[in-house]
Structure formats: structure tokens, C-alpha cells
K.L.:
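Following this message is one structure expressed as C-alpha cells.
Just so it is clear: chains get the letters A, B, ... in the order the sequence lines come, proteins before strands, and each one is counted from 1.
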Amino acid sequence: MTLSNSAPAPAAGPASGPATEVVLEAVGLTKHFPVRRKLRDLFTREHAAVHAVDDVNLVLRRGHVTALVGESGSGKSTVARLLAQLYPRTGGDILLHGDAVTVKGGRRFRAYARRVQMIFQDPFASLNPVHTVRYHLTRALKIHGNAGRTADDLERALADLLGRVSLTPPERYLEKFPHELSGGQRQRVAIARALGANPEALLADEPVSMLDVSIRLGVLNLLRDLKERLNLAILYITHDIASARYFADETMVMYAGRMVEGGESETVTQNPAHPYTRLLIESAPDPDRISGLTADTGDRGNGEPPSLINPPAGCRFNPRCPNVMPRCTVDLPPRIEIGDRPGHWAACWLYDPATVAAQQPGSAAAATEEAAR
Amino acid sequence: MTGQPVLEIRNLDVDYGLGDQAVHAVREVNLTLHRGEVLGLAGESGSGKSTLAYGLTRLLPPPGVISGGEVIYHPPGGEPYDVLGLSDRELRAFRWAETAIVFQGAMNSLNPVHKISTQLTDVIKAHQPNLSAAARTARAREMLRLVGISPDRMESYPHQLSGGMRQRVMIGMALALEPQVVIMDEPTTALDVVMQRQILGQLIELRERLGFSVIFITHDLSLLVEFSDRIAIMYGGRIVEEAPAETLYRDPMHPYSQGLLGSFPALRGPRRELAGIPGSPPDLRAMPTGCSFHPRCPKAFEPCPARLPILGQPDAPTGGGRTVACWLHPARVPVG
């Protein structure tokens, strides 16, 4: 479907609908950025491209936070921008309430943006330095038709928005310019602006990584509070897997443009299945490991992410993987259920029934039986 | 090897600007770095931690001014001297040979139009002019090997290396003249966690091999707890607590340290509700009276807004080897 302008009216209230309702879904989302061709490639058939995002499936539910974790360059921000329809996609579908949506701009883009809003990483850059908080918020309210009819309505809506992000009393902040606010306050204004559209889904691209450590949690707790009160679906993009565990219900791990593991946050962080997730968790700073510091000697998968112009065949982690098997360099691993908790999966051949059977000859019969089923 | 001081900072004050307009970025800092030690310096942006590092190496860009105090350097087997009193010529010899800095965002501090080899040998050329070109190149190759980069990359330009490799080149460059003190200002903030761990692991290994001391500046306290021997926490230009890493992690005394430690979600153990610290960091132009943390402090009581707590050894069973500036733990033995 395409978004008609009259459709959102009955369903627009963000508090409507059951908590598990799917708001936004990505199916096989793919984005390739073309690489500029050199003169000598002019007559070849091949078009080089950066495979930024390949075959990403993702579901955002009402009142649910989904975290997308990955290193820089893994394509996590590209996923957010694709979902916000800021980039045209190369392949796949974006489903809003089950209907495929493609918007390029204009009225239909606005109708989409009314329901799916984005928060950017850097609140120092995402607010216009020459305009006041009042201007930023009024604009969001007016564009998305939430300003009411009279000046009083607008005033009330502004106070309400600032109240939601705990910037109270509103009079103290409305006439301020961005440079007069601290980083945390600026990010709150950016969140208030996103809420001005009264969205159903919020795409937060590293919303706290530019903020001081002592105020990060304040912003995360605010987002969680908003999620509960407004029943928002939130996509939380981060490189800090510990904060994903703290904040998100569900965690997905991305590596080199592909999803490698997903499941409940607690399961993914406590029982990581994919070798890359394990590496990521082992590498995170851990104060409890005070005396256990050893220089990196183990074969845990050190090294760097691959070039995305010519990604490795098979599993993209195979050049670094400590458990690499011949099959990994040839076939792309599909999502395989781990089986410890419902919904926990990894794209790794280690969990393929055939591999499991080969490793444990005793249980081979059982595994083949399971595979046959 | 530890025990003797290598760098002593005494009552250091650093201002930005002059006269009444001056902003006091670092105030009355006392800190001692021992030989072979990793000293962590943690704090939020604007707490003065980078200013302190630039101040003690006299690299402060104007309008930064060192308005008081001394920085005593103890060369191995020589007479200690005050870095702040060095002439320009002496200072040039002191920098890099005795103290090296790895800057914030170091991977962007390589010159993009020169090869790595040129940049590495340049340092050696400036400080050891009588070394032959072949010896310089050999030394540069050795430095690259030391930080885990194949010497074949000598002829690469910075853009041909990844961020992690550039960062390693910077660390290699800092170590080229075997300095006694290496100051690292947020050396791994721009890197991914996997790369961060590799580089820090390598650094610790090198320290054990070469025996230099490190001042490690970062806002990531959880990283410091793991990697450093002692930690000093700065707030509003002053050191508010200093303790061995483990003591600080297990039993932080200053409410700010407690808040900072409580700001990092844990990856292991039970999932708890965390609060962070309410409010925002102080404005250095209008510092609160008394303890500068009192407007944000959950435990503030009547002396806090009025009088400044002195950094000193607290009167507590775990008081050995640590200092704190808080009225909850009044100083028994003031420092300085």
C-alpha cells in the first residue's frame, strides 16, 4: 500500500493497539552504495558497490526496544536510515503495520515520518544553532499537524512535549538556543522534537554515545520511560553491547552488513552463540577482570572487519573466526535456531545439525533425526 | 620497580585567560606518578583532565596559562628538576625523549601527505641528529614491529592504514625515543571495542617490557578499573578521589565516584536499575561554592555548599593509600 492521507487518523494515537503488535518490519533489507568507477573499468560489466547492508530482517514491536549492536562500519546506521526512508533501498521491503511502503519525498514522506521518527547521534549537530527550542518544537508540531488551532493549544502542546522529556519548567527552556543547553538537555530537545510528530516508532541512532557518561543513563532511562508511557516501538542502535543489555528487550548483532545473531538481550549477552558476539563481549571493558589482564595471545578472532566492496564469500566473519570450518568460506550460513531459549538464533554453521552431529559422533543419530524433522 | 616517583605534580593551577576573566580549568592538583605505573585519570568532559595533561607537558595552547605549582620530573639516575622552569631549548629535549603524548583522536594526527616512514624517522632525526639514516630506518622498523605492524607498511601513507593501525603507529612513534612517561589522552575512544582491547593489551605488554609509566586519560571508568594501577577522579578541575584501582572499584568514597561507577551498565551479573548522576557538569565560568559537586550530590549536607573539602587521607579502615575530598570523609592527613 501507499500511505493515504486520511488513513492514519483512527490508528494514530500511539497508545492504541496491543503491546506486541508489530509496527515496523524489515524483510530482506539490502543497501549497496555504488563505488565511483575508474576509467579503466568503464568497459567492464561489473559495477563495484559497497555492500553496506545485506538481507537484514528486523521487527519492531509496540512497547518494545530492539537493539542493533555492531562495530563502526557494520551497517547499523544505514539500517536506521533505510527504515526512516532517508535512503532508497537496493532490495527488500519495509512493512509498516504489514503493508509495504516506499516513499521518496513530499507528502507521502511526511505521512511516513509522522509515524516513524529518528533521533540522531550528535545533538550538537542535529539542532539548528540559530533557532530557539521553541522554534524547533513548534516546527515539528506544525508540520505534523499536532499544534492545535489556537496559540493556547500550541503553548500547551509545547509545555507537554518538554514535560515528557523532563525539561521542566518549560518556560526555562523554550526561549533557549542550543548553545545554552548542555549535551544531555540538547539530546532531550531532539527527543522532544521527534515526539512532536506523535510517532509510533522511534529510531535512535547512538542516542547517547556523544554524551557524558554521567548523563547517558538519564537519557536512556527517559527513553525507556517514554516507551512504556507512549507505547513506542524503539530501535536502539549502539556499539556498546552492555547498554543494549541494560536498555533493550531484544538484541541483534550485526557484522559487516549482515545480522549474525539475535534474541532476547539477556540470552544474547549471557550465552552468546556466534563467535563474533563472543568476541565482542569478551572485548568489552569489564571491571571485574581487574587482575586478569593478559596480552592478546589467544586465537579469538583479532583483526579487522573485511572490505565491504569485495566481502568474503560464505560467512563474512570467516577470515577472523577462531572456529572456521571449510564450509564457512563457501556457503552463507542461514539463521539457525540455537534452541536454548525461544527466539535465539545465530547465522553460524556451528549450530547446523550436521556440524553438531559431526562433533559429537555419539549423538549423530539423534541429530540427523532432528534434521530430518 | 614501582615505588620511586617519576613525575610529581604539586599544586598545579591552569587558567584559560588572564585576570578576572580567567577560567580556572585545573586547580591545586597534586598527583604523583610512580615508575612503571599506569595512572588512570577519569572525569567528564570539562573536568580538566586533558588540560592537566597539556599543562604538565607545557603544550597548552593560548589562552591557557599555568598560573601556579610545579611539575617535578625525576630522570632515571639524575637530579630531579621542575619542568615548568625549563628553557625552550631544554623543553625541546625533554619532550618526546622523556615524556611522550598520544593525543585524543591520534589517528588523525598523522600527516596525510607523508609516508609513515618519513614521519617515524623525523622524530628520531630531530632528537638524535648524529644517527645515520640507515640506523634511523632500522629503528623505525623496529618500532613498527613492536606495536604489531608489519615493517612492510613503512612506505604506506596514513590513508592506506586502518584506524587501529594508525593508532598503533602513533603509539609506536611515542615510544620511539624510549620515554619514561607516556601520556595517553583518550587513545582508544574512536576505536571499536575489539581493537581497543588489542591495543591496550599490547600497551600493557610493552610497558612491562620497556618499563615506562603511563598517564591514561579517559572518560570510560570501567576501562580504567581494568587497565590501570591507580585511578584519580577529576571533577570541576580538582581531583576528588585517588585510590588503587581495585579499592576505588570495590569501595568508592566520593559520591561522584560512586555515581560514575554506577553509570556503566554491567555486562555480567544481575541486571540492575541504574540512575546515572542527575544534573549536568558544572560551568567552569560559574563554579558552585564549596564542593563543586554539591548541586548534583545526593548526599550533600550543610558544610558542602559553604566550604571546600580538602583532598586528604580519609579516617576509615580502608584509608591506606587513598585520598578523597569530601565532607563525608573528612581528611585526617591533608595532602600538599
K.L.:
Check D229(B) against G36(B) and note the closest heavy-atom contact, atom names and distance.
P.N.:
OD2-O, 4.2 Å

K.L.:
Output the residues of residues 250-258 of chain A for which the shortest heavy-atom distance to chain B is under 4.5 Å, in residue-number order; output 'none' if no such residue exists.
P.N.:
none

K.L.:
If you count heavy-atom pairs under 4.5 Å with chain A, which of L223(B), L261(B), L274(B), V193(B) comes out on top?
P.N.:
L274(B)

K.L.:
Under a 4.5 Å heavy-atom cutoff, which of E273(B), R296(B), M195(B) has the most pairs with chain A?
P.N.:
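Most heavy-atom pairs under 4.5 Å with chain A: E273(B).
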
K.L.:
Give the member of T269(A), V219(A), V213(A) that has the highest number of heavy-atom pairs under 4.5 Å with chain B.
P.N.:
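Of the options given, most contacts go to V213(A).
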
K.L.:
May I have the step-by-step check of side-chain hydrogen bond (donor to acceptor under 3.5 Å, both in side chains) for Q198(B) and R168(B), ending in yes or no?
P.N.:
CA-CA 10 Å; Q198(B) 280 175 46; R168(B) 284 176 212 225; 3.1 Å; yes

K.L.:
Just so I understand: if I count every heavy-atom pair under 4.5 Å between each of A266(B), G148(B), G259(B) and chain A, which residue has the most?
P.N.:
A266(B)

K.L.:
Is the shortest side-chain heavy-atom distance between Y236(A) and L220(A) below 4.5 Å?
P.N.:
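Y236(A) reaches L220(A) side chain to side chain.
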
K.L.:
Measure distances from P281(B) to the heavy atoms of chain A and classify the residue's part below 4.5 Å as side chain, backbone, both or neither.
P.N.:
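When you check distances to chain A, only side chain atoms of P281(B) fall under 4.5 Å.
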
K.L.:
Given heavy-atom pairs under 4.5 angstrom as the criterion, report whether the side chain, backbone, both or neither of I241(A) touches chain B.
P.N.:
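Both backbone and side chain of I241(A) come within 4.5 Å of chain B.
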
K.L.:
What part of S182(A) gets within 4.5 angstrom of chain B, counting heavy atoms only: side chain, backbone, both, or neither?
P.N.:
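The answer is the side chain of S182(A).
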
K.L.:
Inspect the contact between E246(B) and R250(B) and indicate whether a charged nitrogen and a carboxylate oxygen are less than 4.0 angstrom apart.
P.N.:
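A salt bridge is present here (some side-chain N lies under 4.0 Å from a carboxylate O).
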
K.L.:
If you look at every heavy atom in L267(B) and A242(A), which pair is closest and at what distance?
P.N.:
CD1-CA, 3.6 Å

K.L.:
For R216(A), is it the side chain, the backbone, both or neither that has a heavy atom under 4.5 Å from a heavy atom of chain B?
P.N.:
side chain

K.L.:
So which atom in Y173(A) and which in P169(A) form the shortest heavy-atom distance, rounded to 0.1 Å?
P.N.:
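Reported closest heavy-atom pair: CD1-O, 3.5 Å.
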
K.L.:
Do you know the tightest heavy-atom contact between I215(A) and G279(B)?
P.N.:
CG2-O, 3.3 Å

K.L.:
I want to check something: taking the side chain as every heavy atom from C-beta on, are F33(A) and L308(A) in contact at a cut-off of under 4.5 Å?
P.N.:
no

K.L.:
Could you look at D220(B) and say if it's the side chain, the backbone, both or neither that has a heavy atom under 4.5 Å from chain A?
P.N.:
side chain

K.L.:
Indicate yes or no: at least one non-hydrogen side-chain atom of F293(B) is less than 4.5 angstrom from one of I277(B).
P.N.:
yes

K.L.:
Tell me which pairs pass salt bridge (charged side-chain N to carboxylate O under 4.0 Å, His left out) where either residue lies in residues 169-191 of chain A, with sequence neighbours left out.
P.N.:
R134(A)-E175(A)

K.L.:
Heavy atoms only: give me the nearest Y16(B)-T51(B) pair and the separation to one decimal.
P.N.:
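Smallest interatomic distance, heavy atoms only, reads OH-OG1, 3.2 Å.
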
K.L.:
By a 4.5 Å heavy-atom criterion (distance strictly below it), what part of Q270(A) contacts chain B: side chain, backbone, both, or neither?
P.N.:
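The side chain, not the backbone.
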
